[in-house]
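Atoms within a ligand are numbered from 1 in the order they appear, just like the ligands themselves. Heads up: numbering here begins at 1 and tracks the sequence.
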Amino acid sequence: MSKKGLFSRLLGGKDEPVAEVPVPAEVPAPVEAAPAEAAPSDERGWFGRLKSGLSKSSSKLTQGLGDLFTKRKLDDEALEELEELLITTDLGIATAAKVTQHFAKTRFGQDVSAEEIRRTLADEITAILEPVAQPLVLDPTHKPHVVLVVGVNGSGKTTTIGKLAKQQKDAGLSVTLAAGDTFRAAAVEQLKVWGERTGCPVIARGTGADAAGLAYDAITEAKARGDDLLFIDTAGRLQNKTDLMAELAKIVRSIKKADETAPHSVLLVLDATVGQNAHSQVEIFRDMVNVSGLVLTKLDGTARGGVLVALAERFGLPVHAIGVGEQAGDLRPFEARAFARSLVGLD
Ligand SMILES: Nc1nc2c(ncn2[C@@H]2O[C@H](COP(=O)(O)OP(=O)(O)OP(=O)(O)O)[C@@H](O)[C@H]2O)c(=O)[nH]1
Ligand SMILES: [Mg+2]
């Protein structure tokens, strides 16, 4: 059964083929958020785009490996250089050490080629990423399932909401967007543009309005309509600004007043170009608002894509999707093996 079919069935859609696996209609199970354009014919194209998106990250690594391992024995010195290279590609100290130890155990003293290292590296990275490669799960018993979207300034929150809204709308869900970034008029306008583009209603108030109050009203309104999904956008805030972080906690309290089970998902949107700073963003946002999953954006514009591996190793938080471009189709479900192979430049 296609994910789209499952969605449609659970949500009472009529234009999808009959599901092959019976699902009890009275107890809808949580379902994976459907990716857009999931047709098999797109897979090759998508992998190509992922690979070219990650080319800045992979070329740094492959060039480094090429320089290190041209007919060379894997001795202590080579291992040390390998570990250093992995750290400079943002894989993080812990991951770099783990991967290097694996090579030390299995291949010490042997001749190794850069190609072999790349393949083994891809396997190691896949193993680290597999546990966190989890789609955003929507619970259809929540009307709406409330997704709060948080992150630092310019990380890609509003764009990610627009892209996700398009995917879910195309999958047949009724989706509402709440313009919880009440600081800037342009932020409200930006969400309204996505609303028009995707055909999703946008709940907004004037600049300077109370974001917590808006979140409360948005839930009440979406509930009254019986919406499937509500995305709440928030203003960007640096993780070290305590007053702004406290405001985020206030938004969550207000959401809980409207629906004590909400927010059902809290997405932290991270800009991959920031590299190691992403660690403190995850740490602080997680502690403040109980982040349930990550989206990494701008992987297309950076050589620091390895940071995703470091975050997976350190925090183990689900990575729901990655952004490798500005178009709606450039936000895709996160797949461990495809990402790992692209990162090390393998086909
Ligand atoms: N190349 C690229 N650009 C992206 C991606 N995701 C978002 N952007 C761009 O990044 C810029 C900032 O995105 P926004 O969605 O406005 O970020 P934001 O987190 O809502 O920003 P604030 O509301 O100001 O905190 C925009 O120009 C987006 O088009 C991505 O995956 N790749
Ligand atoms: Mg925004």
Side-chain angles (χ1 to χ4, degrees), residues 35-37 46 49-57 147-167 177-198 200 202-205 207-209 211 214-215 218 231-241 244-245 247-248 251 266-275 277-278 281-282 284-285 288-289 291 293-305 307-308 311 319-335 338-339 342-343:
E37 308 157 34
W46 160 237
R49 269 193 290 165
L50 176 64
K51 210 181 153 203
S52 69
L54 285 172
S55 60
K56 283 193 185 163
S57 296
V147 180
L148 180 68
V149 180
V150 302
V152 303
N153 311 66
S155 66
K157 296 174 292 299
T158 308
T159 310
T160 298
I161 288 175
K163 291 169 174 175
L164 286 171
K166 173 157 177 31
Q167 294 176 4
L177 315 178
D181 182 350
T182 52
F183 286 124
R184 295 180 301 119
V188 177
E189 284 314 307
Q190 189 189 358
L191 199 69
K192 281 186 176 163
V193 168
W194 274 107
E196 273 164 31
R197 215 179 268 168
T198 55
C200 299
V202 177
I203 298 169
R205 280 185 187 165
T207 318
L214 175 104
F231 286 105
I232 303 178
D233 194 10
T234 60
R237 64 201 74 224
L238 292 177
Q239 71 273 27
N240 56 5
K241 298 273 186 218
L244 291 177
M245 292 306 283
E247 192 216 45
L248 205 51
I251 293 173
V266 180
L267 297 190
L268 173 60
V269 178
L270 298 166
D271 171 348
T273 61
V274 304
N277 185 264
Q281 293 180 20
V282 175
I284 296 172
F285 276 97
M288 189 55 96
V289 288
V291 169
L294 309 177
V295 173
L296 265 93
T297 64
K298 307 188 199 178
L299 282 159
D300 49 314
T302 181
R304 319 196 73 172
V307 72
L308 196 156
L311 295 175
V319 179
H320 296 314
I322 52 171
V324 288
E326 292 183 274
Q327 305 305 314
D330 293 331
L331 184 84
R332 301 299 305 225
F334 177 60
E335 289 162 23
F339 185 88
S342 298
L343 190 63

Exercise for the section: May I ask you to check whether Ala235 has an N/O atom sitting below 3.5 Å from an N/O atom of ligand 1? Expected result: no
Exercise for the section: Please say which of Val295, Val319, Leu311, Asn277 ends up in a side chain to side chain contact (heavy atoms under 4.5 Å, CB included) with Leu270. Expected result: Leu311
Problem - Sub-3.5 Å N/O-N/O distance, Glu326 and ligand 1 - result: yes
Problem - Atoms in ligand 1 flagged as close to Gly323, the criterion being non-hydrogen separation under 4.0 Å - result: 31 (O)
Problem - N/O separation below 3.5 Å, Asp300 to ligand 1 - result: yes
Practice task
Pick one of side chain, backbone, both or neither for how Thr159 approaches ligand 1, counting any non-hydrogen atom pair under 4.0 Å.
Solution key: both
Exercise for the section: Determine whether Thr302 and Lys298 make a side-chain contact, defined as any pair of heavy atoms from C-beta on separated by less than 4.5 Å. Expected result: no
Handout entry: Thr182 side chain vs Thr207 backbone, donor-acceptor pair below 3.5 Å
Key = no
Handout entry: Contact atoms of ligand 1, heavy-atom distance to Gln190 under 4.0 Å
Key = 14 (P), 15 (O), 16 (O)
Practice task
Assess Ala187 for proximity to ligand 1: is some non-hydrogen atom of it under 4.0 Å away?
Solution key: no
Handout entry: Which of the ligand 1 atoms, numbered from 1, are nearer than 4.0 Å to a heavy atom of Val324
Key = 31 (O)
Problem - Heteroatom proximity flag, Lys157 to ligand 1, N/O under 3.5 Å - result: yes
Problem - For Gly236, atoms of ligand 1 separated by under 4.0 Å from a heavy atom - result: 25 (O)
Problem - Residue, atom name and distance, where the atom is the protein heavy atom closest to atom 17 (O) of ligand 1 - result: Gly156 N, 3.0 Å
Practice task
With the side chain counted from C-beta on, respond yes when Phe285 and Leu248 share a heavy-atom pair under 4.5 Å apart, and no when they do not.
Solution key: yes
Exercise for the section: Would you kindly specify which portion of Asp181 sits under 4.0 Å from ligand 1, judged on non-hydrogen atoms: side chain, backbone, both or neither? Expected result: side chain
Exercise for the section: Quick one: look up the protein heavy atom nearest atom 11 (C) of ligand 1 and list residue, atom name and how far away it is. Expected result: Lys298 NZ, 4.1 Å
Practice task
Would you check, one step at a time, whether the test side chain to side chain contact (heavy atoms under 4.5 Å, CB included) holds for Leu177 with Ile161?
Solution key: CA-CA 8 Å; Leu177 315 178; Ile161 288 175; 3.8 Å; yes
Fill in the blank from the handout: If we number the atoms of ligand 1 from 1 as shown, the ones under 4.0 Å from a heavy atom of Arg184 are 22 (P), 23 (O), 24 (O)
Exercise for the section: Taking only Lys NZ, Arg NE, NH1 and NH2, and the carboxylate oxygens of Asp or Glu, determine whether Glu247 and Arg237 approach each other closer than 4.0 Å. Expected result: yes
Practice task
Examine Asn153 against ligand 1 and note whether any of their N/O atoms are separated by less than 3.5 Å.
Solution key: no
Handout entry: Distance-only polar pair, side chains of Thr234 and Asp181, donor-acceptor under 3.5 Å
Key = no
Problem - Polar contact flag for Thr158 and ligand 1 (N/O pairs, less than 3.5 Å) - result: yes
Exercise for the section: Could you tell me if any non-hydrogen atom of Gly154 lies under 4.0 Å from any atom of ligand 1? Expected result: yes
Exercise for the section: Check whether any side-chain heavy atom of Phe183 lies under 4.5 Å from a side-chain heavy atom of Leu244, and answer yes or no. Expected result: yes
Handout entry: Metal site the Mg ion (ligand 2): N/O/S of Thr158 inside 2.8 Å
Key = yes
Problem - pair Val188-Val202: side-chain heavy atoms closer than 4.5 Å - result: no
